[in-house]
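Just so we're clear, the structure is a prediction, and the values are computed from it rather than from any experiment. Convention: sequence-line order gives letters A, B, ...; per-chain numbering from 1.
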Amino acid sequence: MSTKYDPKETEAKWYPYWVNNGFFEAKPEEEKDPFTIVIPPPNVTGRLHLGHAWDVTLQDILIRAKRMQGYDALWLPGMDHAGIATQAKVEGKLKEGGKSRHDLGRETFLEKSWEWKEEYAEFIREQWGKMGLSLDYSRERFTLDQGLSEAVREVFVRLYEKGLIYRGEYIINWDPATQTALSDIEVEYEEVKGALYHMKYPLVDGEGYIEVATTRPETMLGDTGVAVHPDDERYQHLVGKKVILPIIGREIEIVADEYVDMEFGSGAVKMTPAHDPNDFELGNRHQLDRVLVLDESGVMNENAGPYQGLDRFECRKQIVSDLQNDEVLFNIEEHVHAVGHSERSGAVVEPYLSTQWFVHMQPLADQAIKQQQSEDNVNFVPDRFEKTYLHWLENIRDWCISRQLWWGHRIPAWYHKETGELYVGRTAPEDKENWQQDDDVLDTWFSSALWPFSTMGWPDEGAEDFNRYYPTNVLVTGYDIIFFWVSRMIFQGIEFTERRPFEDVLIHGLVRDAEGRKMSKSLGNGVDPMDVIDQYGADALRFLLATGTTPGNDLRFHWEKVEANWNFGNKIWNASRFALMNMDGLKPEEVDISGEKTIADRWILTRLQETIEHVTRLMDRYEFGEVGRTLYNFIWDDVCDWYIEMAKLPLYGEDEEAKATTRSVLAYVFDRTMRLLHPFMPFITEEIWQHLPHEGDSIVVAAWPESSEELKDEEAVKDMELLKQVIHTVRNTRAEMEVPPSRPIKLQIQAATDDTLACLKRGEDYLDRFCYPETLTLDTKIDPPEKAVSHVLSGAELYMPLEGLIDVEAEVERLRKEKEKLDKEVERVQKKLSNEGFVSKAPAHVVEEERSKERDYIDKREKVIARLVDLSS
RNA sequence: GUUCCGUUAGUUCAGUGGGAGAACGCUUGCUUGACAGGCAAGAGGUCACUGGUUCGAAUCCAGUACGGAACACCA
């Protein structure tokens with residue numbers, strides 16, 4: 001074994017071994033309770049980023065721990081076809097060859113898209129492998145698989161038959177770049193410095209004009225009315241009259257509606273029912289015409305009169321300039337407002353009148369809210385995200401689900417070629433030559449909403465996996481997709497399986513760069529997890545991601561932190577090397593810790609039991625950061641810095657029996673520790689575990705450690721406390737007085753009681769090894785030597801005669817300071833204890849603790865004072 | 001505008017009603033038979049501010065300031 005840990009070699013070795021042996025496969029036939037997680041399916045568009053890496057690391061930790069804890073653990077992998085994103089990529093590739101999807105035709109384009117999918121799916125699997133994920137590949141799914149597509153059709157048809165899916169002409173969010181409709185949540189609003197353009201529309205009867213304002217002047221071409229508030233005295237006399245729309249010359253009516261805010265602007269609003277959702281509704285109430293002035297690519301159409309053929313932004317410039325010349329537009333005011341952009345293409349989204357398919361959300365949302373109020377609610381971790389979720393449901397709006405794309409689930413609706421009759425069904429009508437299927441596909445999220453059950457065989461409710469593994473136990477995802485995905489899985493799960501699709505939702509944040517900025521392509525500050533793995537290994541990356549934060553919070557990525565975690569791996573590696581070198585081919589059946597053990601043996605075994613308990617408890621509460629810290633400190637501080645150093649005594653000694661026991665303890669402790677750490681750092685723990693005396697084929701399927709009361713030893717813990725204190729004090733004194741270990745000192749320790757003396761005697765060998773004394777005197781009564789440095793510990797006094805080195809004055813000064821410190825402590829404790837409220841109201845054990853501190857401080861102070869008297873005499 | 005989150009050591013973050021913690025960085029000393037990517041010993045904090053509850057508040061409550069997020073927006 002090399003003195004440096006090389007993750008590359010180790011990590012490449014174990015993953016194929018795990019997969020080929022089927023360790024990750026769920027086994028429904030086994031007499032175990034199932035535990036299920038479905039992966040949030042990544043888009044097949046490309047590389048996994050650090051956000052994915054974080055998400056899957058948390059899931060892998062959970063599923064590995066549960067597998068070891070004896071569950072039939074299923075972690076189901078899969079990918080999402082990602083309609084818009086993938087189609088855009090494939091189209092981009094075609095464009096390089098100077099072609100559009102229309103040149104290819106629907107079928108050929110889909111063939112190309114499937115090729116893309118196969119290529120990238122393999123790429124993603126490779127990345128999963130590098131991360132070390134314990135996914136059950138035998139159950140891998142893709143949202144466009146036959147089974148999942150069947151589920152999509154089933155859901156569509158059932159919702160349609162229930163009246164919860166409808167088709168109609170409404171204002172939707174239109175992305176002119178990708179030329180498809182979007183749902184409300186696929187639009188991101190950004191504050192933009194724009195302008196408010198004030199215009200005058202002249203009255204038909206020539207009696208002046210009415211003033212209106214807009215942020216999108218080009219839409220005026222589609223105006224079909226002007227609205228004022230019915231109570232607005234300025235305009236009451238104008239209601240019912242008509243104005244002439246400049247440029248177009250259309251006569252449009254002034255209507256009264258309570259929607260209008262009298263305080264804003266002039267109190268009169270131009271109405272563009274084909275290009276604004278509010279205007280659309282208001283237009284319905286007043287039977288206003290709907291005039292579309294834009295085509296699907298964002299270019300002005302034939303209704304735009306002289307502006308036909310101009311791009312929408314070009315048109316805006318032009319129209320502003322023209323209207324200014326005509327003095328229709330008389331004022332331009334700076335105005336900051338939120339402009340919607342397509343989440344995918346980044347293009348400015350147009351509210352656009354269009355015929356689309358929608359899900360009627362209210363009944364589904366009501367069901368989900370009701371479920372959340374019941375005992376079988378979804379447990380959000382941290383729970384504050386439940387509020388986010390409920391707030392969204394309570395303000396639900398209908399979901400536009402049709403997309404003008406080819407890559408996706410085609411809407412199972414057919415129109416009769418002659419009669420135009422609509423048919424919705426699981427399969428095409430029998431006389432399908434007379435019918436034309438709807439060209440559109442469904443929103444990608446429509447299929448991912450079914451993911452927890454469509455992947456398990458639903459709608460076949462007799463499917464084995466569906467019955468065994470659904471509902472799933474926990475879903476892990478980022479807070480940024482609660483609306484997109486989590487909430488939709490919940491309401492669809494309730495509607496179609498009558499159950500919540502998962503018990504818990506573990507929410508994490510975003511990975512940010514070292515400065516706290518979001519990682520983005522435009523900033524170029526993204527970090528590729530595969531680069532991190534290449535440099536430091538997957539274990540280091542995983543440990544960083546698992547321990548970097550608390551649930552729900554964002555995580556900053558620092559390379560230094562990855563490096564620190566690599567160091568941790570290296571530390572484990574070297575500690576294990578030490579253990580293995582001393583184990584000398586110990587066989588599993590030879591591991592025997594029943595013999596007589598040293599203080600260090602008993603102490604480390606106690607610490608191990610505490611660590612097992614603590615880690616197990618924290619895992620169930622998803623406190624991975626705390627687990628990580630607990631293991632880090634146990635391994636580095638307790639095992640490496642103390643236990644290994646102490647174990648060297650018997651290991652390098654002559655007592656074969658003691659040696660054998662310590663070897664066994666080493667084997668025992670390392671085995672349990674590797675298992676506890678395995679979910680976090682699967683590769684290095686497997687590598688080491690395989691070298692240790694072990695039974696079984698892999699640590700992946702080894703049992704989770706259980707703590708044992710019999711191995712806890714309070715006496716050893718007490719002994720260690722005192723010994724560590726003594727050793728620390730001596731080291732400290734040596735460092736301060738600049739006495740190197742090579743220069744032995746006389747060390748005298750006076751124990752306050754026989755018990756303490758016995759304890760020191762038990763640990764004499766350790767004191768000998770760690771304090772480098774020339775002579776070591778232990779007694780209950782010691783004559784303080786002259787010119788010695790002294791330290792008062794709880795229960796013992798330490799004397800180190802340092803002739804020639806000690807400066808009596810400095811020593812007196814140090815002791816004075818020590819006394820002052822103790823004075824303050826005594827004062828503080830006594831103040832607390834003299835407070836009647838404290839003594840009567842605080843819990844008894846807290847009061848007793850303070851009393852015991854008081855005794856200890858007073859005792860120490862007396863001894864310091866006595867020492868001062870000695871030195872000054 | 002509503003809701004939520006954050007403010008703790010130089011930096012990144014834990015903690016959470018009973019005397020402030022880790023990692024990294026910094027200082028000093030060590031080629032101690034696993035590891036110098038190591039070991040040992042240190043320095044470093046009015047836990048943002050103001051009130052309140054409590055015997056006791058960094059921790060709970062209210063407000064303020066600053067930073068961030070989500071949702072909703074009046075053309």
For nucleotides rA75(B) and rG17(B), find the distance between their P atoms and express it as a whole number of Å. 46 Å
Between Phe543(A) (CZ) and rA14(B) (C1'), how many Å, whole number? 13 Å
Using the P atom in both, what is the distance from rG25(B) to rG63(B), to the nearest Å? 42 Å
Are Tyr479(A) and the base of rA70(B) stacked, counting only ring centres nearer than 5.5 Å and planes tilted under 30°? no
What distance, rounded to whole Å, do you find between the two P atoms, one in rA48(B) and one in rC13(B)? 15 Å
Can you give me the closest heavy-atom contact between Pro693(A) and Ala667(A), atom names plus distance? CG-CB, 4.0 Å
Based on Watson-Crick and G-U pairs with both distances under 3.5 Å, what dot-bracket line describes RNA chain B 5' to 3', crossing pairs as [ ] and inter-strand pairs as |? (((((((..((((....[..)))).(((((.......))))).....(((((..]....))))))))))))....
Over 60° means perpendicular and under 30° means parallel, so classify the ring planes of Tyr479(A) and Phe385(A), tilted if in between. parallel
Phe838(A) CZ to rG18(B) P: how many Å, rounded? 12 Å
Residues forming a side chain to side chain donor-acceptor pair (under 3.5 Å) with His691(A), sequence neighbours excluded: none
Could you state the atom-to-atom distance from CG of Asn565(A) to P of rA22(B) in whole Å? 17 Å
Distance-minimising heavy-atom pair for Val260(A) and His229(A): O-CD2, 3.0 Å
Separation of Asn835(A) atom CG from rG56(B) atom P, in whole Å? 7 Å
Atom CD1 of Ile332(A) to atom P of rA75(B): distance rounded to whole Å? 16 Å
Using atom P in both nucleotides, what's the gap between rA70(B) and rG18(B) to the nearest angstrom? 35 Å
Separation of rG17(B) C1' from Lys832(A) NZ (nearest whole Å): 11 Å
Between Met519(A) and Arg512(A), which heavy-atom pair has the shortest distance, and what is it? CE-O, 3.7 Å
Using the P atoms only, state how far rA43(B) lies from rU28(B), rounded to an integer number of Å. 15 Å
When we call it a touch if two heavy atoms are under 4.0 Å apart, what does Asn395(A) touch: a base, just sugar-phosphate, or nothing? nothing
Show your reasoning for whether side-chain hydrogen bond (donor to acceptor under 3.5 Å, both in side chains) applies to Thr550(A) and Asn553(A). CA-CA 6 Å; Thr550(A) 33; Asn553(A) 292 330; 3.0 Å; yes
Classify the nucleic acid contact of Asn582(A) as base, sugar-phosphate or nothing, counting any heavy atom under 4.0 Å across all strands shown. nothing
Holding to ring pair (Phe, Tyr, Trp, His ring centres under 6.0 Å), I want the full list of residues that pass it with His508(A), two or more places apart in sequence or in another chain. Trp54(A)
Tell me which one of Val669(A), Thr611(A), Thr630(A), Ile572(A) satisfies side chain to side chain contact (heavy atoms under 4.5 Å, CB included) with Ile635(A). Ile572(A)
Taking any heavy-atom pair under 4.0 Å as a contact, classify Gly552(A): base, sugar-phosphate, or nothing. nothing
In terms of side-chain heavy atoms of His391(A), which of rG15(B), rC71(B), rA72(B) is nearest? rC71(B)
Looking for any heavy atom pair under 4.0 Å, which part of the strands does Lys387(A) touch: base, sugar-phosphate only, or nothing? sugar-phosphate
Counting any heavy atom closer than 4.0 Å, what does Lys853(A) reach on the DNA or RNA strands: base, sugar-phosphate only, or nothing? base
Using a 4.0 Å heavy-atom cut-off, does Leu555(A) contact any base of the nucleic acid, only the sugar-phosphate backbone, or nothing at all? nothing
Are Trp566(A) and Tyr536(A) an aromatic pair, judged by ring center distance below 6.0 Å? no
Mind checking if Glu645(A) touches a base, just sugar-phosphate, or nothing, with heavy atoms under 4.0 Å? base
Heavy atoms under 4.0 Å, any strand shown: does Thr550(A) hit a base, just sugar-phosphate, or nothing? sugar-phosphate
By the 4.0 Å heavy-atom rule, please label His335(A) as base, sugar-phosphate, or nothing. sugar-phosphate
Arg607(A) bridged to Glu610(A) by N-O distance under 4.0 Å: yes
Under 4.0 angstrom, heavy atoms only, what part of the nucleic acid is Glu191(A) near: base, sugar-phosphate, or nothing? base
Classify Phe483(A) by what it touches in the nucleic acid, base, sugar-phosphate, or nothing, heavy-atom distance under 4.0 Å. sugar-phosphate
Each nucleotide N or O in nucleotides 7-11 of chain B that has a protein N or O under 3.5 Å away: list the pair and distance.
none

Please report whether the ring centroid of Phe634(A) lies less than 6.0 Å from that of Trp636(A). no
Can you label the angle between the His335(A) ring and the His337(A) ring as parallel, tilted or perpendicular, going by 30° and 60°? tilted
Rounding to an integer number of angstrom, what distance separates rU27(B) and rG33(B) when you compare their P atoms? 26 Å
Indicate, with a heavy-atom threshold strictly under 4.0 Å, whether Pro843(A) touches base, sugar-phosphate, or nothing. base
Find the distance Arg629(A):CZ to rU12(B):C1' and express it as a whole number of Å. 12 Å
Salt bridge (charged side-chain N to carboxylate O under 4.0 Å, His left out): which pairs involve residues 256-283 of chain A, sequence neighbours left out? Arg216(A)-Asp276(A), Asp223(A)-Lys270(A), Asp257(A)-Arg285(A)
Whole-Å distance, Asp480(A) CG to rA69(B) C1', equals 11 Å
rA41(B) versus rC4(B) - spacing of their P atoms, nearest Å: 47 Å
Encode nucleotides 37-46 of chain B as B, S and - characters from 5' to 3', where the letter depends on protein heavy atoms closer than 4.0 Å: B to the base, S only to sugar-phosphate, - to neither. BSSSSS----
Nearest-angstrom distance, C1' atom, rU50(B) to rG10(B): 28 Å
Name the nucleic acid region contacted by Arg517(A), choosing base, sugar-phosphate or nothing; use a 4.0 angstrom heavy-atom cut-off, strictly under. nothing
Candidates rC4(B), rC35(B), rG18(B) - which lies nearest the side chain of Glu850(A): rG18(B)
